[in-house]
2 protein chains.
Amino acid sequence: MRAAYDQQIPPHVTVVSEGAPADFLHVVVEGMVELFASTQGREATMAVVRPVSTFILAACVRDAPYLMSARTLQRSRLLLVPSENVRAAVATDSRFALNAMQDLAGCYRGLVRHTKNLKLRNTRERIAAYLLRQSRLIGDAPGFTLPVEKRLIASYMGMTPENLSRAFKSLAADGCKIDGQRVIITDRVRLEALAGLSLLLDGPDPDASAAGVSLPLPEAS
Amino acid sequence: MRAAYDQQIPPHVTVVSEGAPADFLHVVVEGMVELFASTQGREATMAVVRPVSTFILAACVRDAPYLMSARTLQRSRLLLVPSENVRAAVATDSRFALNAMQDLAGCYRGLVRHTKNLKLRNTRERIAAYLLRQSRLIGDAPGFTLPVEKRLIASYMGMTPENLSRAFKSLAADGCKIDGQRVIITDRVRLEALAGLSLLLDGPDPDASAAGVSLPLPEAS
DNA sequence: CAAATGGCTTGATTCAGATCAAGTCTCTCG
DNA sequence: CGAGAGACTTGATCTGAATCAAGCCATTTG
């Protein structure tokens, strides 16, 4: 920690570029950071990190290049811990290692869920599942506010903003009303049926999503 | 290890079902194991594990339910280590913990790559990238043999066998000839261009794929 | 050895989702 | 306050990939 840098970063600043060597472990202390990947024009949101969580721990541990880029979505406070110090801590402090491992395992499981989602469900089902999960994470409240921009949700879910918009509208017929940022689940049973039940796929343990990776929690309302 | 079970398993046997509690860490000593996920009829291959590698380490570490199922593709020899022993070893043996962490980080990075692939490339590009990566993993040999059934490759890559077949055929025009199990890269430059350059996306470190997760290595020929 | 099974290919057709093209609304900023 | 920018929506159209339907081939099995 003594070697770490504490930084205030304005919104919309890219703080990590994929391909670069993993010099620092990043910790989001305040604000919100998007992890994304891009190739020749195309771009995909991989996760959104909220306080207090780390990102690119895996690259640090392996001393390998970053696989994702990161940019701030809001003004954010980041703690940058030099990778060598992280690796030293992992090697000498077994409690640190244990916690790092839990974090890593959580990230992995979060990504497994995300990938299953992409491969096994179509757009409407993915959205239904997402909304249900959001609702569950705040205690099964039927109403809540979307925590990030829709275009970001669309990218994370592997679809275009246009299709997200259409899907949102069409969900009215399946138990969920979306108006602007406001979401109201009107018929949970119906929505769950659409999502392809199997909340096994999304639950019961929140894993990484509780830790702040994947997409942020909504606010109940 | 003293508490572990050493088992010979016939082909096509499901040894792990998603949703079940993670009672054992599995180690593939011989053979080949497919990790897959399914919901209501649909099914997706998530990875193929080859010796010597572990699977479902993350579930063990977190003491959480399995997120994937596992079945043998061939007659296989598996070592089942009770999860509690794994967690005990992690807690007491810092070298063990360190290695487990490396493994976990490798799996995570492998999955990040896979997900980027799914989100950023279309079917032909994914296949081109896959073939190039296979070639690279055996030392840039232009010719090799596909290591698993095509239907499995198709599922792993998130497409139907029909489309994989068509894509393979169409790649003849882009620098790669596939005949049965045999692959010959005739024009690497062209194929790389199609794959969307960015071998950043797939390299340079092999991470998990070297460790035996993702899809198996091909055989040079 | 004939039948069956399962993987693979091929063609025809369909459809989910992408793309293209406006247009609206909100928020910011000069 | 008016202009501009960016997010979002909506409709029309296009297209990549899925689905459906045979047929082929190799391997297994009775």
Side-chain angles (χ1 to χ4, degrees), chain A residues 10-12 32 34 39-45 48 71 73-75 117-128 130 145-174 176-183 194 196, chain B residues 10-12 32 34 39-45 48 71 73-75 117-128 130 145-174 176-183 194 196:
Chain A
H12 311 300
M32 194 145 83
E34 176 191 6
T39 339
Q40 38 184 47
R42 305 169 219 177
E43 200 176 281
T45 300
V48 173
R71 68 165 82 97
L73 291 174
Q74 311 169 343
R75 180 157 208 276
N117 232 338
L118 287 175
K119 282 188 167 184
L120 294 171
R121 298 210 257 232
N122 64 25
T123 45
R124 296 188 79 221
E125 291 166 347
R126 285 206 291 282
I127 293 169
Y130 169 71
T145 305
L146 293 175
V148 290
E149 289 178 338
K150 290 182 183 175
R151 44 174 286 281
L152 221 148
I153 296 176
S155 176
Y156 180 67
M157 309 267 277
M159 65 189 74
T160 59
E162 290 96 322
N163 269 336
L164 178 67
S165 184
R166 277 186 267 268
F168 270 158
K169 196 162 65 162
S170 81
L171 282 187
D174 286 283
C176 190
K177 191 82 197 56
I178 290 99
D179 180 36
Q181 301 269 95
R182 304 269 316 113
V183 179
L194 172 64
Chain B
H12 311 300
M32 193 144 84
E34 176 192 5
T39 338
Q40 38 183 47
R42 304 170 220 175
E43 201 176 281
T45 300
V48 173
R71 66 165 83 98
L73 290 174
Q74 311 169 342
R75 181 160 207 273
N117 232 338
L118 286 175
K119 283 188 166 184
L120 294 171
R121 299 210 255 232
N122 64 25
T123 45
R124 295 188 79 222
E125 292 165 348
R126 285 206 291 282
I127 294 169
Y130 168 71
T145 305
L146 293 175
V148 290
E149 290 178 338
K150 290 183 182 175
R151 44 175 286 282
L152 220 148
I153 296 177
S155 175
Y156 180 67
M157 309 266 278
M159 64 189 73
T160 59
E162 290 97 322
N163 269 335
L164 179 67
S165 183
R166 277 186 266 268
F168 270 157
K169 195 162 67 162
S170 80
L171 283 186
D174 285 283
C176 190
K177 191 84 196 53
I178 291 99
D179 180 36
Q181 301 268 95
R182 302 267 318 112
V183 179
L194 171 65

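Numbers restart at 1 for each chain; the letters A, B, ... are given by sequence-line order, proteins then strands. In this text the structure is predicted, and so the values were computed from the model without any measurement.
Protein chain A touches strand DNA chain D; the 5'-most and 3'-most nucleotides with an atom under 4.0 angstrom of its non-hydrogen atoms are D/dA7 to D/dA12. Contact footprint of chain A on DNA chain C: nucleotides with an atom under 4.0 Å from a non-hydrogen protein atom, first to last in 5' to 3' order, C/dG17 to C/dC20.
Looking only at side-chain heavy atoms (C-beta outward), A/Arg75 and A/Pro11 come within less than 4.5 Å of each other. Contact of the B/Arg124 side chain with the B/Ile127 side chain is not registered, since no non-hydrogen atoms from C-beta on lie closer than 4.5 Å. You'll find the side chain of B/Tyr130 reaches within 4.5 Å of the side chain of B/Ile153, heavy atoms only. Two residues are said to be in side-chain contact when any heavy atoms from C-beta on lie closer than 4.5 Å; B/Thr123 and B/Met157 fail this criterion. Contact of the A/Glu34 side chain with the A/Met32 side chain is not registered, since no non-hydrogen atoms from C-beta on lie closer than 4.5 Å.
A/Thr123 comes within contact range of the sugar-phosphate backbone alone, with a heavy-atom separation under 4.0 Å but no base atom that close.
No donor-acceptor pair under 3.5 Å is formed between the side chain of B/Lys177 and the backbone N or O of B/Arg182. Between the B/Lys169 side chain and the B/Ile178 main chain, no donor and acceptor come within less than 3.5 Å of each other.
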Q: Report the C-alpha separation of A/Thr39 and B/Glu125 in whole Å, then their side-chain angles, then the decisive distance to 0.1 Å, and conclude whether the side-chain contact (heavy atoms from CB on, under 4.5 Å) test is met.
A: CA-CA 12 Å; A/Thr39 339; B/Glu125 292 165 348; over 6 Å; no
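The nearest heavy atom of DNA chain C to B/Glu149 and to B/Asn163 marks one nucleotide each, and the one closer to the 5' end goes with B/Glu149.
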